[in-house]
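Just below is one structure, and these are the notes that go with it.
All values below come from the heavy atoms of this structure, side chains included, with hydrogens, waters and symmetry mates left out. Residue numbering restarts at 1 for every chain, and letters A, B, ... go by the order of the sequence lines.
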Amino acid sequence: EDQVTQSPEALRLQEGESSSLNCSYTVSGLRGLFWYRQDPGKGPEFLFTLYSAGEEKEKERLKATLTKKESFLHITAPKPEDSATYLCAVQALAGGTSYGKLTFGQGTILTVHP
Amino acid sequence: DTGVSQNPRHKITKRGQNVTFRCDPISEHNRLYWYRQTLGQGPEFLTYFQNEAQLEKSRLLSDRFSAERPKGSFSTLEIQRTEQGDSAMYLCASSLAIPGQRTDTQYFGPGTRLTVL
């Protein structure tokens with residue numbers, strides 16, 4: 001069964017203090033690894049898709065990287081508006097062309113203080 | 001582009017009552033997914049459709065839950081005989097699946113928060 005574990009569960013940073021969030025995964029075959037941001041009371045907002053080990057994607061202050069067993073979301077010089085829950089999810093290879101469901105981790109709650 | 005919409009946004013019901021939620025996907029998206037999220041957890045897959053065909057259901061989905069997508073556009077999720085354990089945020093997502101592409105990107109709606117008293 002596919003499993004995703006995120007750490008830490010919560011992270012408090014000062015504005016400008018860079019850090020990383022971890023996502024460890026176990027999947028029979030990885031089709032894609034996804035990062036989402038979720039604000040309180042809202043649905044997840046798509047950030048990145050990573051497909052293979054060594055791949056990196058960047059967006060503003062966020063950079064996602066992927067290895068064969070884990071992914072990191074690096075946050076450089078965060079601002080208070082980066083405060084949110086960050087969710088990692090995997091989509092597994094399936095038989096034929098069928099693919100679909102995402103298996104999510106529990107998320108990391110990021111709080112950035114001014 | 002109006003995004004994925006869900007109605008109602010909030011629903012409070014008494015145990016034993018039936019409830020129905022609606023999801024309108026992004027236009028031209030052929031896949032529609034339902035997830036459930038409880039406090040402090042990530043979304044948990046329930047079921048998904050490609051056009052009007054229901055392709056997969058989670059084994060966690062009891063027979064009290066039923067979903068439809070009759071014309072391949074909007075979808076409804078019905079919960080019969082609700083229980084307090086059904087209290088959660090119900091999320092809908094849609095995507096465009098194209099043959100030969102590596103994967104589809106799922107875009108989520110705002111969710112329907114269900115409280116069962």
Side-chain angles (χ1 to χ4, degrees), chain A residues 1-10 21 23-25 27 29-52 55 57 59 64 66 84-109, chain B residues 3-7 9-10 21 23-26 29-51 53-61 88-113:
Chain A
E1 188 170 324
D2 305 333
Q3 286 193 318
V4 178
T5 303
Q6 293 186 243
S7 62
E9 291 186 3
L21 282 56
C23 170
S24 298
Y25 64 91
V27 64
L30 181 68
R31 183 177 289 278
L33 184 140
F34 300 79
W35 281 99
Y36 285 85
R37 168 193 171 127
Q38 187 173 28
D39 292 306
K42 297 187 176 181
E45 175 188 347
F46 171 73
L47 293 173
F48 303 110
T49 308
L50 300 167
Y51 296 103
S52 54
E55 189 174 359
K57 293 267 180 83
K59 180 181 180 180
L66 181 64
T85 297
Y86 290 86
L87 295 164
C88 171
V90 295
Q91 190 177 58
L93 290 170
T97 58
S98 175
Y99 56 82
K101 70 177 183 182
L102 297 177
T103 300
F104 282 86
Q106 81 280 16
T108 293
I109 303 171
Chain B
V4 178
S5 61
Q6 294 187 244
N7 287 288
R9 295 293 311 278
H10 302 274
F21 309 140
C23 172
D24 287 89
I26 294 171
H29 277 192
N30 52 4
R31 288 202 170 188
L32 190 148
Y33 298 81
W34 286 100
Y35 292 84
R36 176 173 63 190
Q37 186 177 26
T38 54
L39 198 62
Q41 301 298 315
E44 178 182 54
F45 171 77
L46 294 178
T47 188
Y48 86 95
F49 295 83
Q50 177 147 330
N51 299 313
Q54 190 171 19
L55 294 188
E56 186 175 356
K57 290 195 298 184
S58 168
R59 62 178 182 275
L60 301 174
L61 203 65
M89 174 79 87
Y90 289 83
L91 293 163
C92 174
S94 72
S95 71
L96 179 61
I98 300 172
Q101 72 177 155
R102 296 180 79 168
T103 185
D104 60 330
T105 299
Q106 297 178 29
Y107 297 93
F108 284 81
T112 295
R113 181 165 297 284

Exercise. Between atom OG1 of A:T103 and atom CD of A:Q3, what is the distance when rounded to the nearest 0.5 Å?
Worked result: 9.5 Å

Exercise. Can any side-chain N or O of A:E55 pair as donor or acceptor with the backbone N or O of A:S52 at less than 3.5 Å?
Worked result: yes

Exercise. Does A:L30 offer a backbone N or O that forms a donor-acceptor pair with the side chain of A:Q91 under 3.5 Å?
Worked result: no

Let me know if [X] has heavy atoms under 4.5 Å from chain B in its side chain, its backbone, both or neither.
X: A:Q38; value: side chain
X: A:L87; value: side chain
X: A:K101; value: both

For this session: Could you look at B:A93 and say if it's the side chain, the backbone, both or neither that has a heavy atom under 4.5 Å from chain A?
Result: neither

Seminar exercise, completed: Cut-off 4.5 Å, heavy atoms of chain A, and the answer for B:Q106 is both

For this session: Kindly confirm or rule out a cation-pi arrangement of B:R102 over A:Y51, judged by NZ or CZ under 6.0 Å from the six-membered ring centre and within 45° of its axis?
Result: yes

Exercise. Relative to chain B, which of A:G41, A:A89, A:P44 shows the most heavy atom pairs under 4.5 Å?
Worked result: A:P44

For this session: Name the option with the most non-hydrogen atom pairs under 4.5 Å to chain A; the candidates are B:M89, B:R113, B:E44, B:Q37.
Result: B:Q37

Exercise. Side chains of B:T47 and B:Q54: donor-acceptor distance under 3.5 Å anywhere?
Worked result: yes

Problem set entry | Donor-acceptor side-chain pairing of B:Q6 and B:D24 below 3.5 angstrom | no

